[in-house]
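We're numbering straight along the sequence, starting at 1. One-based numbering, in listed order, for ligands and for the atoms of each.
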Amino acid sequence: MKKALVVFGTRPEAIKMAPLVKKLQESTAYSVRVCVTAQHRSMLDQVLEIFDILPDYDLDVMKPNQDLFDITSNILLKLKPVLDDFQPDEIFVHGDTSTTFAASLAGFYRGIDICHIEAGLRTNNIRSPFPEEANRKLTAVITKSHFVPTTSAKENLIKEGYSEQQIVITGNTVIDALNLVENKLNKDEKIRTAAKEKLSQAGFHISPDRKLVLVTGHRRENFGKGVERICDALLKVATTYPDVDIVYPVHLNPNVKDVVTEKLGGVSNIHLISPLDYVTFIYLMINCYLVVTDSGGIQEEAPSLGKPVLVMRDVTERPEAISAGTVKLVGTDVNKIFSGVADLLEDRMLYDQISKAVNPYGDGIACDRIVDSLLGGKLGLAQFVPKSILLS
Ligand code: UD1
Ligand code: UDP
């Protein structure tokens, strides 16, 4: 039996790795252990609870306002005894965080095969997103199997000289996670009621007669002036449209939380709330009118739920939903953010055109494809192709 160590540390990695942990555990070919670095603490624990995952190892590295040196060096040092204890054949890492890079490097030092999930995303600007673009490129160099979400991610790796034999197009595992949660919310009244209760505990009630703008933001390259401009744009929306609710589950990073609380606290139609568990957050996204974010994962989920997304970044490594017309880049310019929101609030035809449900990022069986390919492709699952490409 092969030994697999799945390593993750932040909220989005946990959401995107949870369905893979389950699939690997179901497979009789694998002995699986989960190691969380806990680069995030409470935001990670929320996900572990929702998906009922009990880690075998917890490196507990998070410190308040940690810097990149802290995270990377602590993970590297604390992973060494874990690798010596379990001696895995394969290490699974996800995406582009410091956890991803440090865990890959630790595996490389011990000669262990690295399987990189959500490989191949690129902006081709090494400083944006920072440090994520560097993390994913550094990880790619020491990866054995690249599981890419989309055709363009595969093309990025081929351009960088990686062999086609190392690459499998799986779709993004976030759609596996999203489908699981969406099905639960659709089928189970109790789960919907619990989500509503959690929202009201967080201090927010959805009003059916008010449009809801859902906001999140946390990118390091927006810290300082960028976060301030985002707040100014939201203030302008809130005062221009008093009949619209803006709900903002604020990331716990003090570089975000402190500024946002100071600039937006006390505005009656801006609702600043704590980070939500994944089920409650998806319930909120299903019930919102549009999304304004700089998040990566939300750019992938919202199109699948038919929600238009304004992305507060200058570049994105996720071009597919922009091509599909449901995601628009607005950067952190106050007027661009404001007019992006205003256009969608006021122009019904534009909104209807943009708010179509598209699934360029996955079809919900990415994890089946990953496990099948690792086991020699016995199930013969075809690689992921978005429906729109299949139809054209
Ligand atoms: C990290 C990732 C980023 C990812 C994001 C997802 C790196 C360098 N950055 O950024 O790629 O998109 O997570 O959210 O890997 N904090 C808490 N509790 C928590 C989580 C964070 O208090 O549960 C606070 C702490 O003060 C912590 C700080 O946030 O020091 C920053 O966390 P960190 O993981 O360094 O950066 P993120 O901005 O979260
Ligand atoms: N999310 C959540 N609760 C929240 C905000 C976001 O569960 O209060 C989920 C969201 O659905 C998505 C992921 O967290 O799957 C995105 O995380 P984040 O924006 O922190 O990181 P990124 O995707 O930008 O790396």
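The shortest N or O to N or O distance between His218 and ligand 2 is below 3.5 Å.
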For side chain to side chain contact (heavy atoms under 4.5 Å, CB included), just list the numbers for Cys115 and Lys144, CA-CA rounded to whole Å, side-chain angles, deciding distance to a tenth of an Å, and then say yes or no. CA-CA 6 Å; Cys115 301; Lys144 179 169 185 221; over 6 Å; no
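If you check which protein heavy atom lies closest to atom 19 (O) of ligand 2, you get Ser295 OG, 2.9 Å. Ranking the protein heavy atoms by distance from atom 23 (O) of ligand 2 puts Gly297 N, 2.7 Å first. For atom 15 (O) of ligand 2, the nearest non-hydrogen atom of the protein is Glu301 OE2, 2.6 Å. Considering only non-hydrogen protein atoms, atom 13 (C) of ligand 2 sits nearest to Ile15 CD1, 3.8 Å. With hydrogens left out, the protein atom closest to atom 3 (N) of ligand 2 is Leu276 O, 2.7 Å, a heavy atom. Nearest non-hydrogen protein atom to atom 25 (O) of ligand 2 is Pro12 CG, 3.4 Å. Ranking the protein heavy atoms by distance from atom 20 (O) of ligand 2 puts Arg11 NH2, 2.8 Å first.
When non-hydrogen atoms are compared, ligand 2 lies under 4.0 Å from the side chain of Phe281 (C-beta onward) but not from its backbone.
A donor-acceptor pair is defined here as one N or O able to donate and one able to accept, closer than 3.5 Å; such a pair exists between the side chain of Glu133 and the backbone of Thr123.
Contact between Glu132 and ligand 2 is absent, with no heavy atom of the residue lying under 4.0 Å from the ligand.
Salt bridge Glu118/Lys16: present, at least one basic N to carboxylate O contact under 4.0 Å. Checked for salt-bridge contact, Asp232 and Lys263 meet the test: a charged N lies under 4.0 Å from a carboxylate O.
Under 4.0 Å from any atom of ligand 1, one finds heavy atoms of residues Thr10, Pro12, Gln39, His40, Arg41, Ser42, Met43, Met62, Lys63, Pro64, Asn65, Gln66, Leu68, Ile71, Thr97, Ser98, Pro131, Glu132, His218, Arg219, Arg220, His251, Leu252, Asn253, Pro254.
Shown are Thr37, Thr72, Asn135, Leu59; of these, the side chain to side chain contact (heavy atoms under 4.5 Å, CB included) with Thr99 is made only by Thr37. None of Thr316, Asp314, Val309 except one satisfies the side chain to side chain contact (heavy atoms under 4.5 Å, CB included) rule with Leu329; the exception is Thr316.
The hydrophobic side chain of Met62 is isolated, with no ILVMFWY side chain under 4.5 Å apart from it.
In this structure, a donor-acceptor pair under 3.5 Å is absent between the side chains of Gln46 and Asp277. For the residue pair Gln383 and Thr170, no side-chain donor N or O sits within less than 3.5 Å of a side-chain acceptor on the partner. A donor-acceptor pair shorter than 3.5 Å cannot be found between the side chains of Ser42 and Asp45.
For His94 and Phe8, the gap between ring centers reaches or exceeds 6.0 Å.
In the vicinity of Pro249, heavy-atom distances shorter than 4.0 Å reach the ligand 2 atoms 8 (O). The atoms of ligand 2 that sit less than 4.0 Å from any heavy atom of Gly296 are 22 (P), 23 (O), 24 (O). Taking every non-hydrogen atom of Arg219 and a distance limit under 4.0 Å, the qualifying atoms of ligand 2 come out as 24 (O). Close approach of ligand 2 to Pro275 is summarised as follows: ligand atoms under 4.0 Å from at least one heavy atom of the residue are 8 (O).
Residues Val7 and Ile117 fall into different hydrophobic clusters, defined by Ile, Leu, Val, Met, Phe, Trp and Tyr side chains chained together at heavy-atom separations under 4.5 Å.
Taking the side chain as every heavy atom from C-beta outward, Val215 and Val213 approach each other to under 4.5 Å.
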